[in-house]
Each structure stands twice: as structure tokens, then as C-alpha cells.
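Read through the structure below, which is laid out as C-alpha cells, and then see the notes.
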Amino acid sequence: MSPVRFSVVTLFPELFRSWLEGALLGKALAAGLVEVRFVDPRAFTHDRHQTVDDTPYGGGEGMVLKAEPFVAGIEAAAAAIPECVAHRVLLSPQGQRLTQGRLQALAARSHLILVCGRYEGFDERIRASVDEELSLGDFVLNGGEVAAMAVIDGLSRLVPGVIGNSASLQTESHAAGLLEHPQYTRPREFRGQAVPEVLLSGDHERIRRWRSQQMLLRTRERRPDLWAGFTPDAEQRALLAAADAEAAAAGDARSPAATGAPPGVAAAAALGPVSIALLHHPVHDRDGQVVTTALTNLDLHDIARSARTYGLERYFVVTPLTSQQELVGRILGHWRTGHGANTHASRAEALAQVEVAADLDAVIAAITARWGRSPLVVATTAARRLGQVDEAALRRRWEPGQPLLLLLGTGWGLTGELLDRADAVLLPLCGPTDYNHLSVRSAAAILLDRLFGLRQEHGPPA
Ligand SMILES: C[S@@+](CC[C@H](N)C(=O)[O-])C[C@H]1O[C@@H](n2cnc3c(N)ncnc32)[C@H](O)[C@@H]1O
């Protein structure tokens, strides 16, 4: 089998030397499974001082890496292994974030050229000579060498033969969208902390199920951003439900029922998982025309926060417009994994529940696929119509285990056709006045509090 080849374009190849001699990588290099070469852009300079950087046009701090020696270095690296198609990667804090998924995709390449920057970074025109730009994360390093090492290190683990027991890769964190389960070794007890009994049982099936359950619980607790993109299968859903039921019965302070979700929701969870959908189409405008409204940042944030507070599973933002769907994606990216995630962890947690959908059918399909059963669809409107129900009647119609989907309309409200499609339509929210022009955010919050809010006795809603 031919090795996976790395060519590192760097001004500081010596930084790699002792690192490459390390345990696993050293063996992989010796066994010919991985190959690492270096190209120094200084070799492609034509002046006495081997100049690779210069001052920025337009003024400013620091030095910028020159295009000629770096592009020549990239081209020389590719030409040195003509039998492989080179994939050229620029290491930069402006690139896509490196993930296990990206590494898995890169592992299919036979030759990777990793281009390391320094100083103030690259002359912009170097970017035309690479295939992609990767970042280690939203922070700035002094140079790309540490990032190149991360790529080589993470990717080498995926090369067959480098890790002795390749089965261990399958349960590792991020291999399948989850974090790994807790691990223990001797002694059985350390400073009052005992190894879980199941791991000493010798019962392989029990151990497998416990580990799988721990992976789910860990990911849900620690990484709401990963959890939002993960769809548990039937066994995983059962393992989660069992863990939650056990924790709730034991009054475990870490159980979702005791932490994120109030007891009202614990009662609702016995009925089924609850989602809310904000529809931007089909809705009416002030003249009664059917229109598509634009999403607002306030609705996105505030309804997500309410949904998280009242223990809902999902908040679907529904718009058929791809530009609006992309906008939601960009906002979510900022808050879930970008700068906002670091500064506002609780906002990231709320927004982790948001999903974008093109229409109501897609929402219903997603819920049905996730929970194995179609939801009871409950619409809301500020207008009176025949057959509307109050919250108590709604709870009577809601079967145990059935998912519930609450529909909210933007603009001047959901169309009659959509209200007709719902299994139930709630009575309008109203106060002691004849004014009922609540914002959809306020309506959502009031509705969720009526259905799932704690009352003074701290018991489930009647
Ligand atoms: C000091 S940084 C330059 C940052 C640049 N002025 C900017 O603001 O985008 C020097 C070099 O370190 C590398 N680098 C810095 N942070 C990185 C990160 N998060 N991921 C990958 N490479 C990084 C890049 O190769 C970059 O060109």
C-alpha cells in the first residue's frame, strides 16, 4: 500500500524534527505508512538575503509573506511526487475549522501539501494556489506549523495500520458525532471514586449498552452544538429515555428534568417530545395576501431561549427561501461554534435546538423520523374560529409518547388552509382588553408557560 504523503511548506522545518520521532508517528514513518517532506520557500528566492516577506501595501503592522517563494514552494512540492494528485491546504485562522469529519475526508488523499504562514500572514494571491484553507480554531497562532502538525497527527491515526487496534477509532470522540464514554483503569477505587460496577461485571452486552448510553449523555450535556446535529437511532433513544427516567426517579440533580427542564416538562415528556415551529410561509400580510416574511434575529433568539427554558426538544425555523435558510445558518454558526459560543455559552445552548426547514411537511417528516411517530400538530392564531381548544383540552388529546408540534405564524398569522391542516387550533391568547396584537415572541413565551410552566406548588400543570 502506498503511504499517505505530506509536504509541508514552511520557513521552520526544524520545528517538526523531534515531534516526528514521537511514538506512533515515528513508527508510522519507519513502517512507510506515512511520509513527511519539507519545502522551504527560502529555496525559491533570488536575493542574497533569501527574502520571503515584505511590508504590506497600504501600510500597517508587521510583514506579509511574499507570493513568489510560497507559490513556487507549493508547485515544487506538487511536482516532487508526480504520481499523486496533490491537495493543497493553507493553514490559516480564516479557514474552515478542522474537524474529525474533515480529517476523514482528507484521509482519502494520497498527497497533502500543508502551507504554513508566519508573521502577518500570506499575500492574498497565494490563496489562488491552494484548494482549501483550514483553521485549528478561532484563535491566532504565531505560525501554521502547529496547525500542520495537528493535521498530520490527526490524519495519520486514520491511516490503516498506524493505530494497532483500529476498532478503538470507532468509539472515539467525534468518530460518529458523539463524545467518547468515560474510561477507567486500576485501581478500582481512587480517592473515594469507584469504578462503575457495570465495568467490573464481565457482561459484555451490558458494558456495550452502558458505554453507548454514556456517550449519548455526555454529548448531550457537554456539547449541545454536536447534539443538535445528531440523530439517535431506536436503541439510542431507548437508552436515553431509560437514563432520563432513572435520573428523574432518583431526583438526580444532573438529570435534564432537574436541571434544564422544569418538572412541568418532565410531565410533558411522559406525553411526548415537544417542538415549536415558526412559519414564515404560508402566512398572511396585512391585506390578507399569502406571503413569505423575512426572518428576524429577535424571533430566532427569543423563541430559542423560551424553547430551552421550557424544555422543548426542537425549534424549527420554517422558510422556503434558500437565502433566508442560509442566513439562519450563518447566525447559528456564529452563536453555536463561532465567537458567540465562547462569549455566550447559554445562548449557544438555546440556539443548539434550532433547525431550519423549507416547509411544514419537512418539519413533520423530521419529527416523525426522529421519534418514530408523527406529531400532534397544534396551530395558534390571534383570531377566533370554530372548534378551538384550550390547554386542558389539548392535553387530553395528546397521547402518551406522541410528539407535539406547536405552530406559530409570522406576519398577520397562519393561513386558514394551514390552520385546517392542524390537528387542533388553540384559543387565542387574550387579556381584559380588546387589543390582541402580541408579537410572535411574546405569544410563544406565554403559550409555553401556560403549557409547561411551573406553578407555585412546583408540580406538573393540571
Ligand atoms: C499570526 S498568524 C497571521 C494571522 C493573520 N494576520 C490574520 O489575522 O488572519 C500567522 C500564521 O499562523 C497560522 N495560523 C494562525 N492561527 C491559525 C489557526 N487558528 N489555524 C491555522 N493556522 C493558523 C497561519 O498560517 C497564519 O498565516
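Whatever order the structure lists them in is the order used to number ligands and atoms, beginning at 1. Remember, predicted model here, so these are calculated numbers, not experimental data.
The distance criterion of under 3.5 Å between nitrogen or oxygen atoms is met by Gly117 with respect to ligand 1. Between Leu141 and ligand 1, a contact under 3.5 Å exists for at least one N or O pair. Checked against a 3.5 angstrom limit, the closest N/O atoms of Leu134 and ligand 1 fall outside it. At least one N/O-N/O distance between Leu91 and ligand 1 falls below 3.5 Å. Considering backbone and side-chain N/O of Phe139, one or more are found under 3.5 Å from N/O of ligand 1. Residue Leu136 places at least one N or O, backbone or side chain, under 3.5 Å from an N or O of ligand 1. The N/O atoms of Gln94, backbone and side chain alike, include one that comes under 3.5 Å of an N/O atom in ligand 1.
Side-chain atoms of Asp131 and Val89, non-hydrogen and from C-beta on, never get closer than 4.5 Å to each other.
Nearest protein heavy-atom contact of atom 14 (N) of ligand 1 is Pro93 CD, 3.7 Å. Ranking protein heavy atoms by distance to atom 6 (N) of ligand 1, first place goes to Glu120 O, 2.9 Å. Atom 3 (C) of ligand 1 has its closest protein heavy atom at Tyr119 O, 3.6 Å. In this structure, atom 22 (N) of ligand 1 lies nearest to the protein heavy atom Ser92 N, 3.4 Å.
The pair Arg5-Glu83 counts as a salt bridge, with a side-chain nitrogen and a carboxylate oxygen less than 4.0 angstrom apart. The pair Arg102-Glu132 meets the salt-bridge criterion, with a side-chain N (NZ, NE, NH1 or NH2) lying under 4.0 Å from an Asp/Glu carboxylate O.
Contacts with ligand 1 closer than 4.0 Å are made by no heavy atom of Leu65, backbone or side chain.
No hydrogens or angles considered: a donor-acceptor pair under 3.5 Å links the side chains of Thr296 and Asp299.
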What pairs of donor and acceptor atoms, side-chain ones from residues 65-78 against any protein atom, are under 3.5 angstrom apart with sequence neighbours left out?
none

Checklist entry - So Met215 and Arg220, side-chain contact (heavy atoms from CB on, under 4.5 Å) or not? Walk me through it. => result CA-CA 9 Å; Met215 289 173 79; Arg220 187 175 70 179; over 6 Å; no
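Interface of Phe122 with ligand 1, defined as ligand atoms under 4.0 Å from a residue heavy atom, comprises 25 (O), 27 (O).
Listed by chain and number, the residues in a side-chain hydrogen bond (donor to acceptor under 3.5 Å, both in side chains) with Gln236 amount to none (sequence neighbours excluded).
Among the candidates Val4, Val162, Leu98, Val34, the single residue satisfying the side-chain contact (heavy atoms from CB on, under 4.5 Å) test with Leu155 is Val4.
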